[in-house]
Structures are given as C-alpha cells and as structure tokens.
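As the structure is a computational prediction, the values presented were derived from the model and not from experiment.
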Amino acid sequence: RDDVTLTGIAVGAGDTPIDIPAMSARGAVRFAVREKTKGRPAIPAKLVFKGVEGTPDPRFHRDFSARLGGVDVEPETFGGTQHGSEGSALGQTNVVYTATGAGTIELRPGTYDVYASRGPEYGIRQRRVSVPSGGTAGVEFRLKRVVRTTNAISADFHVHSGRSLDSSAPLVDRVVSFAAEGVEVMVSTDHDKQVDYAPVIADLGLGGRVRSIPGLEVTGSVPNPPSFPNSIGHINAWPLPVTKDARRDGAIEDEYVAPNWVFKRLRDRGGPDTVIQYNHPRAGVSGLTNIGFFNSIGCNRCANAIDAA
C-alpha cells in the first residue's frame, strides 16, 4: 500500500481522537506452477515480480518505513516473509517462494511481469498479469526441466538461519527458498549453534526433495594472544549430532582454544569422517578480531596470482 503519514497532531490531557485516512486498496495474485512433463505435477518454485507500465516493483513484507541518515534501510529484508492468504506463498522484496507450487499473495494493484523459475536445472517462464483493485488475478506456469544431473545432487555447505547472530531468516523460509531453487541438500552451519532442518522439511512435506545435514560454524570471536593475537577464524564442520538438552544444542566450546583442539573436539562429536572446512580464510576484521585464518597466521605461501594482483 501507499504510506499514510499523519502530522501536526496535538496530544492533550485525556483521549486525543485522530482521523486516519483510508489506505490504498490491495489486490492479489493466485498462481500455479507445474512441471512440463507427464502428469504436470506441481513443483516448488520462485516467482519474481517486476512492475511495468508505471507500476513500481512490489516490496513484500514491507510492514513499515525506516530510514537511516536519509537512506532507506529496506526493513522488508529483515525478520522473515509476507505470508500469502492461500496455499504456500512467502514474499520478500519482489520475490515469492512457494513450497507447493500454488498460492495467493497480496500486492498493490497494477501491471506486473512475473517470472517463474526453479534453479538452474529448469527453464524460465514469464507472464504479464494485471491486478485489479480489491480483486484477484490468476497466472499459471509450466516449467520444463532442461538439464538432467544424473548421479549428481545440488548442495549448499554453508547455510545460516535466524539461529545465527548475523541472520534473521526463519527456518521455514530457509527450507522453502532452498526447495524453490532446486537445492537438494542443506548443511546447517549457524554460528556456534547446531540446527537440524529435518523436522521443518517433514512438516512442509518436502522430504522427497530436500535433505538436512546438521553442522556448525565454529566462530572464534575473541583474540587469544600471544599465540593467536587474532581469533582462529570461522570453521564449518558436518555432520554433527544435535543434542537438544546441551548448550547451544551441542556446539563445542571454541574460545581460547587452539585449532588442533577445535578439530579434535569436532571429530569427537561427529566421528573420524567429519568434514572440516575453513571459511573465508582471507577475510578481514569483524567485531573484535581478524576472521581470516590465513591472514592471522601469516600464511603468505598460500598466496596466488589473484592475491598478488
């Protein structure tokens, strides 16, 4: 909707009645996304809305305006999504994700080009839709699978959610977005917090499309001089068991701990085949310390032509 701003309100003793102007009307889009194959099954998908013919792009989940130093901080990008009125529709900025391929989302009346996709293995389809004030427009898509990834899966080995200090995405939103993008394995790596997406995946009925591997991003935040004047950086490890009654669901203690002991503690938790990966080893300062491990230990022999350029 358009913003409504009230100015010049004098508040006296007792109740102060004010008149709030009527807000602009909303419309809705009801969508259906199916695979272009035998039986035309509904599939998870991503929809991108682009305003045309003078209609601005929608800003789903923009519940209020916020500016900092005159700059729009885009509050719609924080704290989850706008849930649709029917089916599965999770909207943020001008993007809608659906777990089931069917849903209804409310937005400003106008004309939009809507693009449907499902990751790099599927084609993209576009439809133009005119949304009436106070009414609902319908749009359907059929996506063709154009790339067959035989004996291969799509995975993300570094996934954050609202359980991390630097993210606000609810677990449901994370799972639906990954299913819509065609990612088949999610490795949870929240900062010093172990999470398993499996219960959420099951509740959404997506067990045949997405798998969860619980993991962890060890997040050293405090310098440990003299041996480590900076922290040991950020280290992913997976798979790891989630222990609900333990501190941070089983995450290891990592502050003031040397890397060799961090590795031991991780493998004591996950077993000898636990995968350990260093993240952003050439990153700079974050918070109190440098989080790039190669930089912290002076590993110049790791430099390559790109670093030297």
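Remark: E53 engages R128 in a salt bridge, criterion side-chain N to carboxylate O under 4.0 Å. Between E140 and R34 there is no salt bridge, since no side-chain N of the basic residue sits under 4.0 Å from a carboxylate O of the acidic one. Between K50 and D113 no salt bridge is recorded (no basic side-chain N to carboxylate O distance below 4.0 Å). The residues E181 and K46 are annotated as salt-bridged, a charged nitrogen and a carboxylate oxygen being separated by less than 4.0 angstrom.
Taking all atoms of both residues into account, the shortest heavy-atom contact from H160 to D190 is CA-OD1, 3.3 Å. Counting all heavy atoms, side chain and backbone alike, M186 lies closest to F178 at CG-CD2, 3.7 Å.
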Practice task
Report the C-alpha distance between N279 and H158 in whole Å, list the side-chain angles of each, state the deciding distance to 0.1 Å, and finish with yes or no for side-chain contact (heavy atoms from CB on, under 4.5 Å).
Solution key: CA-CA 9 Å; N279 301 327; H158 195 157; 3.4 Å; yes
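The salt bridge (Lys or Arg N to Asp or Glu O under 4.0 Å) test applied to R247 returns E253, not counting sequence neighbours. Applying the side-chain hydrogen bond (donor to acceptor under 3.5 Å, both in side chains) rule to D192 yields no partners; only residues at least two apart in sequence or on another chain are considered. Every residue two or more places apart in sequence or in another chain was checked for a side-chain hydrogen bond (donor to acceptor under 3.5 Å, both in side chains) with T16, and none qualifies.
Ring pair Y278/F293 is parallel by interplanar angle, where below 30° counts as parallel and above 60° as perpendicular. In this pair, W238 and F157 present their aromatic rings parallel. The plane angle is below 30°, not in the 30 to 60° band.
Taking a 6.0 Å sphere around CD1 of I20, one finds it holds 12 or fewer heavy atoms contributed by other residues, nucleotides or ligands.
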